[in-house]
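Working notes for the structure below.
Only this structure's heavy atoms are used, side chains among them; waters, hydrogens and symmetry mates stay out. Just so you know, residue 1 is the first one in the sequence shown, and it goes up from there. Fair warning: this is a prediction, and the values are worked out from it, not measured in the lab.
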Amino acid sequence: MKAFIFDLNGTMIHDMEYHTKAWQHIFNHELGGNFTWEEVKPQMYGKNGEVLERMFGPDRFTAEEIEQLSVAKEQRYQDEFRPYLQLLPGLAEFLERAYQQGIPVAIGSAAIPFNIDFVLDTLDIRRYFRAIVSADDVTLSKPHPETFLKAAAQLGVAPADCLVFEDVPKGAEAAQNAGMNTVILTTTHQPHEFAHLPNVLHFAEDFTDSFFQTLL
């Protein structure tokens with residue numbers, strides 16, 4: 001592969017539990033919902049407005065309310081997750097080796113810039129990424145391929161020459177729709193949940209898996 005594209009949450013960092021907790025709190029304590037963990041967890045993909053629409057319907061919130069709820073959710077998530085913020089084991093070394101070998105690397109994430117900046121700047125890893133595509137940069141969220149196609153275009157690499165790192169089925173589906181293979185980090189979902197996706201090359205708990213040595 002000539003380039004790597006990383007999803008962020010659940011792929012580079014193990015934080016999806018904290019996103020789920022933050023949303024569940026807002027849904028139930030601020031918006032009058034009564035959602036279980038099992039109901040909230042499968043909805044943890046896409047833009048924040050899309051999450052709210054899936055949970056409460058398309059006409060519940062104004063654009064201003066969605067923005068306010070999104071900011072409140074991300075602030076709650078960051079406050080709770082900050083003490084535990086770290087890259088998945090082996091990822092720092094993998095990124096450094098890719099950087100030294102001149103392999104272009106991008107982030108293609110449904111996260112808003114506020115959260116991407118939180119990770120990149122707190123961990124001081126921004127130098128590794130030649131391109132960043134956030135929720136604010138696309139019209140259509142995963143599983144639409146726009147996020148990954150834009151990342152490939154910014155890197156100047158053909159989609160077929162990009163390898164995507166993901167953690168959720170909708171992300172892997174987006175990679176497939178972009179004509180890209182993917183490697184799945186099993187922080188959030190189990191391998192059987194990806195059985196319908198032929199573009200998955202490998203499953204790993206983290207980046208210490210020996211498979212990643214074959215990529216560099």
Tell me if a side-chain donor or acceptor on [X] pairs with a main-chain N or O of [Y] at a distance below 3.5 Å.
| X | Y | answer |
| --- | --- | --- |
| Gln43 | Val40 | no |
| Asn115 | Ile112 | no |
| Thr62 | Glu65 | yes |
| Lys47 | Ala111 | no |
| Gln213 | Ser210 | no |
| Thr182 | Val164 | yes |
| Gln24 | Phe35 | yes |
| Thr214 | Phe211 | yes |
| Arg130 | Arg127 | no |
| Glu146 | Val138 | no |

- Task: Determine, stepwise, if the pair Gln154 / Ile132 fulfils side-chain contact (heavy atoms from CB on, under 4.5 Å).
- Result: CA-CA 8 Å; Gln154 290 182 20; Ile132 298 172; 5.9 Å; no

Give me the atom names and distance for the closest heavy-atom approach of [X] to [Y].
| X | Y | result |
| --- | --- | --- |
| Val105 | Ala98 | CG2-CB, 4.2 Å |
| Pro169 | Leu197 | O-CD1, 3.7 Å |
| Ser109 | Ile116 | CB-CD1, 4.4 Å |
| Cys162 | Ala152 | SG-CB, 3.7 Å |

Side chains of [Y] and [X]: any donor to acceptor distance under 3.5 Å?
| X | Y | answer |
| --- | --- | --- |
| Glu205 | Thr186 | no |
| Gln78 | Tyr18 | no |
| Asn9 | His19 | yes |

So do the side chains of [X] and [Y] get within less than 4.5 Å of each other, counting heavy atoms only?
| X | Y | answer |
| --- | --- | --- |
| Glu17 | Thr188 | no |
| Pro104 | Val157 | yes |
| Asp167 | Met16 | yes |
| Asn48 | Ile66 | no |
| Glu166 | Phe194 | no |
| Phe6 | Leu163 | no |
| Asp137 | Thr147 | no |
| Ile184 | Phe165 | no |

- Task: State whether the number of non-hydrogen atoms from other residues, nucleotides or ligands found under 6.0 Å of Tyr99 atom OH is greater than 12.
- Result: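 12 or below, so no.
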
- Message: Surrounding CG of Asn34 (heavy atoms of other residues, nucleotides or ligands, distance under 6.0 Å), is the total greater than 12?
- Response: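 Atom CG in Asn34 is not crowded, with 12 or fewer foreign heavy atoms closer than 6.0 Å.
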
- Task: Using the ring of Phe148 (Phe, Tyr or Trp, six-membered ring only), decide whether Lys150 places NZ or CZ under 6.0 Å from its centre and within 45 degrees of its axis.
- Result: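 Ring-cation test returns no.
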
- Query: So is Arg54 actually on top of Tyr45's ring, under 6.0 Å and inside 45° of the axis?
  - Reply: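 Yes, cation above the ring, under 6.0 Å and within 45°.
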
- Under 4.0 Å between a Lys/Arg side-chain N and an Asp/Glu carboxylate O for Glu173 and Lys142?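 Answer for the salt bridge query: no.
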
Spatial distance of atom [atom1] ([X]) from atom [atom2] ([Y]) [nearest 0.5 Å]:
| X | Y | atom1 | atom2 | answer |
| --- | --- | --- | --- | --- |
| Leu140 | Leu149 | CG | CG | 11.0 Å |
| Ile103 | Arg97 | CD1 | CZ | 9.0 Å |
| His202 | Phe212 | NE2 | CZ | 6.0 Å |
| Phe56 | Glu53 | CZ | CD | 12.5 Å |
| Glu39 | Met55 | CD | CE | 6.5 Å |
| Gln101 | Leu216 | CD | CG | 5.0 Å |

- Query: Between Asp15 and Tyr77, is a side-chain contact (heavy atoms from CB on, under 4.5 Å) present by the stated rule, with each step listed?
  - Reply: CA-CA 9 Å; Asp15 66 339; Tyr77 149 76; 2.6 Å; yes

Are [X] and [Y] joined in one hydrophobic group, where the rule is that I, L, V, M, F, W and Y side chains link up if heavy atoms are under 4.5 Å apart?
| X | Y | answer |
| --- | --- | --- |
| Met12 | Val168 | no |
| Phe4 | Tyr128 | yes |
| Trp23 | Leu8 | no |
| Ile107 | Leu88 | yes |
| Ile125 | Leu185 | yes |

- Message: In terms of relative ring orientation, are Phe81 and Tyr84 parallel, tilted or perpendicular, with 30° and 60° separating the classes?
- Response: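 Rings of Phe81 and Tyr84: tilted, 30 to 60°.
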
- Task: Hey, can you tell me if Phe207 and Phe94 have their rings parallel, tilted or perpendicular (30° and 60° cut-offs)?
- Result: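 The arrangement is tilted - the two ring planes meet at 30° to 60°.
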
- Message: Does Met180 form a side-chain contact (heavy atoms from CB on, under 4.5 Å) with Ile5? I'd like the steps, not just the answer.
- Response: CA-CA 10 Å; Met180 302 175 183; Ile5 303 176; 4.0 Å; yes

- Message: Determine whether Thr187 and Thr11 satisfy the following criterion, side-chain contact (heavy atoms from CB on, under 4.5 Å), listing intermediate values before the conclusion.
- Response: CA-CA 7 Å; Thr187 59; Thr11 301; over 6 Å; no

- Message: Could you walk me through whether Thr208 and Asp206 satisfy the side chain to side chain donor-acceptor pair (under 3.5 Å) test, starting with their C-alpha distance in whole Å, then the side-chain angles of each, then the deciding distance to 0.1 Å, before giving a yes or no?
- Response: CA-CA 6 Å; Thr208 63; Asp206 57 43; 2.4 Å; yes

